[in-house]
Amino acid sequence: MYDRLKGFRDFYPEEMSSRREVTDALEGTARRYGFREVGTPALERVELYTDKSGEEIVDELYAFEDRGGRDVAMTPELTPTVARMVVEKGQALSKPIKWFSTRPFWRYEQVQQGRFREFYQTNVDIFGSSEPDADAEVLAFAADALTGLGLTGDDFEFRVSHRDILGGLLSAFEADVDVRAAIRAVDKSEKIEPAAYYDLLAEAGLSYDEAERFDALLATDDLSELVDFAGTDRVEAAVSNLQAVLDATEDFGVREYCTVSLETARGLDYYTGAVFECFDTQGDVSRAVFGGGRYDDLIESYGGQPTPAVGVAPGHATLSLLLRRAGVWPEEELATDYYVLRVGDTRPTAARVARDLRERGNVVETDVADRSFGAQMSYADSINAETVVIVGERDLENGEVTVKDMASGDQTTVPVDEFPGSDHPTYDDLS
RNA sequence: UCCGGGUUAGGGUAGUGGUCAUCCUUCAGCCUUGUGGAGGCUGAGACGCGGGUUCGAUUCUCGCACCCGGACCCA
């Protein structure tokens, strides 16, 4: 017996069919917004990640040297890869570029609820538009995908924030503030004690009074208060940008799912503008279900032309927790249209019948284990066959096959030459 | 890397320092070479791994692995 690796999962048919439903719903929504599917490698040069984030992240990667002496890593996320792709094609791509893909990613980290070492995400990104419409379209995609899966505004909310509002406010203080550290502190603020939060802000350079003032500002309902406080063009522009994004979500029909929450910051460094996280409003899924936001500087930092970008990446593991909690996780029963039951040496006819039914698009099984009549009936029952077609020696002697409806147990005989006939012949059509 | 709780057939469980480890379910075959859901019979199938204590360990003990939660981290 061999063990499955920790943090990696097998998906048996029952669960795989549920996952398929979810993936199809996400991708179907993306396609309807005109996002185009891209395919991407499972391995990248490790520098793609270390150049941006430092050597220490190698500890969290599946990284190794390949036989050609290249340092490679199994992709821990998609953004660097699609950014690389955009840089590589440059001006050959007409803007805006709208891409999606569903894929596994790998991170060598501790397994927890909703977190595995191999995990699946559907990434959706728009490159080449700095307009608020692009941010709003990403939010609209995400909201439509979730409602398409059966969730409602009672189940989830998008907490929308803005990196430049946070950065602009911090710069407005007298103190010399480490903006990056302060934003990380904000990102943690809801998970830690207020005192610890203020300590972190203090470490970032704010005095205790300033930290208190900053915290109060983030809690405001009136964004104009922020503009008044800072008195800078930067904050004014950032606030009006956030407002424009929200206005666009109104027109796109998803404003109701969005809540302004400046305490939401996202841990990632590369975000620049509007950012958001999806939360379970019932609070059962403790961490953010997924997040997204604007990252206008990444393409340029990879050596491309300045290219604004915004994206979101629903992770399937946390999403499935939310769907199960909300009672809308798709549970599909195994379905089979026909079981073609063979008795005696009737394979030529049974095979022909099965083939004809499959050509009509039906799901058809037949005996491949040379089992007894009773065992075949039992198997047909276990795969939820709707109809059993009995191709037996006795039937064929009369030039017939027997068609049995499994739900009622009723059965009838039909001339073998006339079966299957119509597209999806059932007992009712034939009796 | 750290903290807490776990691990007995495919799934769910009972139990014990000592003869064949309990029961339910599942799976396969048969009763019934032509009728599934019911019943009966037969069979398959487990003490996570390693060390220690002991005459003897699935049981006590230590370590490890894995699972479930959480901390850290979340590019």
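Chain identifiers are assigned alphabetically (A, B, ...) following the order of the sequence lines, protein sequences preceding nucleic acid strands; residue numbering begins at 1 within each chain.
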Considering Watson-Crick and G-U wobble pairs with both distances under 3.5 Å, what does [N] pair with?
| N | answer |
| --- | --- |
| B:G50 | B:C62 |
| B:U1 | B:A71 |
| B:C41 | B:G29 |
| B:C23 | B:G12 |
| B:A57 | none |

Give one of base, sugar-phosphate or nothing for [X], where a contact means two heavy atoms less than 4.0 Å apart.
| X | value |
| --- | --- |
| A:L61 | base |
| A:T79 | nothing |
| A:G7 | sugar-phosphate |
| A:G409 | base |

Measure from [atom1] on [X] to [atom2] on [N] and round the result to the nearest Å.
| X | N | atom1 | atom2 | answer |
| --- | --- | --- | --- | --- |
| A:Y49 | B:C73 | OH | P | 22 Å |
| A:L200 | B:C73 | CG | C1' | 14 Å |
| A:D367 | B:G36 | CG | P | 16 Å |
| A:Q121 | B:C74 | CD | P | 16 Å |
| A:D370 | B:G29 | CG | C1' | 14 Å |
| A:M377 | B:U33 | CE | P | 16 Å |
| A:E14 | B:G11 | CD | P | 15 Å |
| A:Y339 | B:G34 | OH | P | 14 Å |

Report yes or no: does A:E393 contribute a side-chain atom to a donor-acceptor pair with the main-chain N or O of A:D345 at less than 3.5 Å?
yes
Whole-Å [atom1] distance, [N] and [M]:
| N | M | atom1 | answer |
| --- | --- | --- | --- |
| B:A65 | B:G56 | C1' | 27 Å |
| B:U7 | B:C49 | C1' | 12 Å |
| B:U61 | B:C67 | C1' | 23 Å |
| B:U58 | B:U8 | C1' | 7 Å |
| B:U19 | B:A38 | P | 37 Å |
| B:G4 | B:G51 | C1' | 25 Å |
| B:G18 | B:U26 | C1' | 32 Å |
| B:U1 | B:G10 | C1' | 35 Å |

OP1, OP2 of [N] versus side-chain N and O of [X]: anything below 4.0 Å?
| X | N | value |
| --- | --- | --- |
| A:Q376 | B:U35 | no |
| A:K404 | B:U35 | no |
| A:K188 | B:C74 | no |
| A:R115 | B:G69 | no |

Quick one: list whatever passes ring pair (Phe, Tyr, Trp, His ring centres under 6.0 Å) with A:Y108, sequence neighbours left out.
A:Y62
Between [options], spot the one nearest the side chain of [X], thanks.
| X | options | answer |
| --- | --- | --- |
| A:Q110 | B:C2, B:U35, B:C66 | B:C2 |
| A:Q113 | B:U35, B:G70, B:C73 | B:G70 |
| A:R371 | B:C68, B:A28, B:U1 | B:A28 |
| A:F373 | B:G34, B:C74, B:C68 | B:G34 |
| A:Q112 | B:C66, B:C72, B:C68 | B:C72 |
| A:V343 | B:G36, B:G34, B:C67 | B:G34 |
| A:Q411 | B:G37, B:U35, B:A71 | B:U35 |

Which comes earlier along RNA chain B counting from the 5' end, the contact point of A:W106 or that of A:R4, where each point is its nearest nucleotide?
A:R4
Between A:E77 and A:A375, just flag the one whose closest nucleotide in RNA chain B comes earlier from the 5' side.
A:A375
Count the heavy atoms belonging to other residues, nucleotides or ligands that lie under 6.0 Å from CZ of A:R355, then report whether that count exceeds 12.
no
Using only heavy-atom distances, determine whether the side chains of [X] and [Y] contain a donor-acceptor pair under 3.5 Å.
| X | Y | value |
| --- | --- | --- |
| A:N123 | A:Q121 | yes |
| A:T122 | A:R103 | no |
| A:S408 | A:D410 | yes |
| A:Q376 | A:Y339 | yes |

Parallel, tilted or perpendicular: which fits the ring planes of A:Y338 and A:H424, with parallel below 30° and perpendicular above 60°?
tilted
